[in-house]
Amino acid sequence: MQADNLRHWDIFCTVVDNYGDIGVTWRLARQLAGEYGIEVRLWVDDLNSFAHILPELNPALVSQHFGGVEVIHWRAPLPQIWQPGEVLIEAFACDLPSEVLTSLPELAKAPKWINLDYLSAESWIDDCHGLSSPALKGVKKTFFFPGFTPKSGGLICEQSLFSERDAWQATPEHAMAHLAKMGLSDIGTDDYLISLFSYETQALPALLELWQQSERRVQLLVPKGRSLSCIAPLLEQFNQDSGPKVDWQNPASWQAGQSFSRGALKVQVLPMTDQNGYDRLLWSCDFNIVRGEDSFLRAQWAAKPFIWHIYQQEEQAHLLKLDAFMARYCDNLPPLAAQIWQTLNTAFNCGQGAQASQSWLALNSAMPTLMQHAKKWPAEAINEADLANRLVLMAKTR
């Protein structure tokens with residue numbers, strides 16, 4: 001599908017949660033360029049964080065091109081004159097540069113201004129998606145809400161993703177080769193693999209204690225960052241199996257390739273990887289613990305059971321969002337399996353260690369059902385049209 005007459009789009013993104021916001025906008029920019037032939041200019045304020053998921057990126061450069069997308073370092077004042085395109089996307093209600101806001105009312109034909117909001121499973125977004133309101137003199141802004149229903153803005157999903165995933169998972173050797181490429185070692189074919197990319201929670205130490213007593217060997221794969229910082233005090237009691245010796249008082253000494261073991265649990269520190277590599281990590285694991293928005297959605301597309309650690313908000317507003325998603329995800333699940341999975345996710349998010357451990361033990365009886373559901377869910381969730389498709393249609397008709 002070609003997006004006729006929509007050849008130049010600008011996407012502005014501020015990096016808030018390290019990799020979540022930029023992860024979403026980078027995937028979207030690549031898909032718009034690759035599948036719709038749109039020339040995309042992605043303006044990003046923090047190139048150092050961006051470089052973690054795009055290793056080829058040079059944070060010192062003002063402008064650089066990757067796969068049909070021009071990445072521009074967004075700073076004040078803008079490093080280059082803004083040339084209006086056909087569409088202007090304000091990602092996650094970021095404050096657009098003053099140069100852009102000043103120029104918009106003066107243009108003979110302003111670009112279609114779209115605010116790309118955060119993903120939500122809450123029902124109210126269906127009524128708000130696609131609404132427009134005056135933002136500047138003579139210029140309207142349209143609100144685009146990603147979601148799980150046909151009335152919403154849909155979900156980011158590349159057209160070939162599911163077929164690539166199925167081909168990958170059909171051959172177990174793909175997973176072992178990918179893990180070896182990431183520098184991981186001593187992984188047996190019968191080991192239970194868990195990827196961990198979460199915020200801090202008291203549920204994690206409790207789960208680590210439980211996994212040490214597992215009858216099946218557990219491999220916990222975790223990158224440097226907040227998850228590792230959370231479990232570091234417990235890891236001091238583990239044997240270090242590989243990598244440079246850790247100074248537990250100095251987080252800078254934590255490096256990819258280090259591994260630690262105690263009982264049935266082995267913890268391995270992952271290197272940062274690009275988005276394709278992260279997708280394949282999720283595809284390779286038996287269970288994924290993810291956070292935010294980008295990894296949350298990619299865990300669903302991996303067709304594996306998962307825990308979602310949602311970004312915490314004031315007055316526990318995030319728990320309402322979590323409940324809304326769990327209600328949709330569990331709609332076709334048998335009641336017992338749904339209860340176990342929901343209780344586990346709630347306990348993890350609320351830092352309830354004892355409840356998280358109890359729910360994890362209960363997973364054994366529900367796991368076959370959860371695995372079957374995880375495989376069916378992506379096709380149900382996509383609702384026939386992905387986010388990029390719906391975004392292009394909105395841009396053409398408004």
Side-chain angles (χ1 to χ4, degrees), residues 1-14 21-22 24-45 63 67-72 74 78 80-120 124-147 149-159 293 383-398:
M1 177 178 179
Q2 292 295 309
D4 298 334
N5 301 320
L6 297 176
R7 309 304 296 178
H8 305 282
W9 290 34
D10 288 293
I11 303 176
F12 283 86
C13 174
T14 55
D21 294 359
I22 185 56
V24 170
T25 52
W26 174 231
R27 287 191 193 275
L28 176 60
R30 285 194 301 159
Q31 187 177 4
L32 291 171
E35 296 181 7
Y36 296 88
I38 298 172
E39 297 176 15
V40 180
R41 291 168 291 186
L42 177 60
W43 302 73
V44 183
D45 68 336
S63 173
V69 178
E70 181 182 6
V71 176
I72 305 171
W74 172 12
L78 291 181
Q80 62 188 52
I81 297 175
W82 176 63
Q83 299 290 339
E86 295 293 328
V87 176
L88 170 62
I89 296 179
E90 173 189 280
F92 313 118
C94 64
D95 295 324
L96 292 176
S98 58
E99 296 96 323
V100 174
L101 295 175
T102 300
S103 299
L104 283 172
E106 301 175 354
L107 297 172
K109 182 181 179 183
K112 294 176 176 65
W113 183 0
I114 297 173
N115 178 71
L116 174 64
D117 215 303
Y118 290 103
L119 169 63
S120 177
W124 62 264
I125 70 165
D126 286 352
D127 296 325
C128 296
H129 174 67
L131 296 180
S132 298
S133 66
L136 296 171
K137 183 179 180 181
V139 184
K140 290 184 177 181
K141 183 195 301 186
T142 300
F143 294 89
F144 190 98
F145 286 89
T149 68
K151 292 183 179 180
S152 73
L155 305 166
I156 291 180
C157 182
E158 300 82 1
Q159 293 177 5
E293 179 168 329
N383 277 308
E384 298 183 358
D386 61 84
L387 185 149
N389 180 284
R390 300 184 198 193
L391 185 62
V392 168
L393 289 176
M394 173 183 282
K396 293 176 69 174
T397 56
R398 293 184 181 270

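- Legend: residues meeting side chain to side chain donor-acceptor pair (under 3.5 Å) with N383, ordered by chain and number and at least two apart, are absent.
- Shortest non-hydrogen contact noted between P146 and D117 is CD-O, 3.2 Å.
- Residues passing the ring pair (Phe, Tyr, Trp, His ring centres under 6.0 Å) test with F143: none are found, sequence neighbours excluded.
- A heavy-atom distance below 4.5 Å is not found between the side chains of I89 and C13.
- When the salt bridge (Lys or Arg N to Asp or Glu O under 4.0 Å) test is applied to R27, the partners found at least two apart in sequence or on another chain are D279, D294.
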Taking distance alone, no hydrogens or angles, what donor-acceptor pairs closer than 3.5 Å link side-chain atoms of residues 91-104 to residues at least two apart or in another chain?
from: E99; atom 1: OE2; to: L78; atom 2: N; distance (Å): 2.9
from: T102; atom 1: OG1; to: S98; atom 2: O; distance (Å): 2.8
from: S103; atom 1: OG; to: E99; atom 2: O; distance (Å): 2.8

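- With 3.5 Å as the limit, one finds no donor-acceptor pair spanning the side chains of E86 and H8.
- Here W113 pairs with nothing under the ring pair (Phe, Tyr, Trp, His ring centres under 6.0 Å) rule; sequence neighbours left out.
- Residues satisfying the side chain to side chain donor-acceptor pair (under 3.5 Å) criterion with D386, sequence neighbours excluded, are Q31.
- Annotation for G68 and A33: closest pair O-CB, 3.8 Å, computed over non-hydrogen atoms.
- Residues G130 and M394 come closest through the heavy atom pair CA-CE, 3.7 Å.
- Each of V44, V69, V40, L88 was compared with I11 under the side-chain contact (heavy atoms from CB on, under 4.5 Å) criterion, and only V40 meets it.
- Shortest non-hydrogen contact noted between V87 and I114 is CG1-CD1, 4.2 Å.
- Taking Q83 as the reference, R41, I81 meet the side-chain contact (heavy atoms from CB on, under 4.5 Å) condition, with sequence neighbours excluded.
- The distance from atom CG of L119 to atom CG of L387, rounded to the nearest 0.5 Å, is 9.0 Å.
- Scanning both residues, G85 and P111, for their nearest heavy atoms gives O-CB, 3.2 Å.
- Evaluation of the side-chain contact (heavy atoms from CB on, under 4.5 Å) rule for I125 yields S120, F145, S152 as partners, not counting sequence neighbours.
- Evaluation of the side chain to side chain donor-acceptor pair (under 3.5 Å) rule for W43 yields D10 as partners, not counting sequence neighbours.
- Under the side chain to side chain donor-acceptor pair (under 3.5 Å) criterion, W74 pairs with no residue, sequence neighbours left out.
- Annotation: the span from L391 atom CG to F144 atom CZ amounts to 4.5 Å, rounded to 0.5 Å.
- Here the CG-OG1 distance, from L155 to T149, works out to 9.0 Å after rounding to the nearest 0.5 Å.
- With values rounded to the nearest 0.5 angstrom, W9 atom CH2 is found 9.0 Å from Y36 atom OH.
- Partners of E106 according to the salt bridge (Lys or Arg N to Asp or Glu O under 4.0 Å) rule, which considers only residues two or more places apart in sequence or in another chain, do not exist here.
- A salt bridge (Lys or Arg N to Asp or Glu O under 4.0 Å) check over residues 131-142, counting only residues at least two apart or in different chains, returns the pairs E90-K141.
- To the nearest 0.5 Å, atom CG of residue N389 and atom CD1 of residue I156 are 13.0 Å apart.
- Here E39 contributes atom CD and L32 contributes atom CG; the two are 12.5 Å apart, rounded to the nearest 0.5 Å.
- E35 contributes no side-chain N or O that, together with a main-chain N or O of E158, makes up a donor-acceptor pair within less than 3.5 Å.
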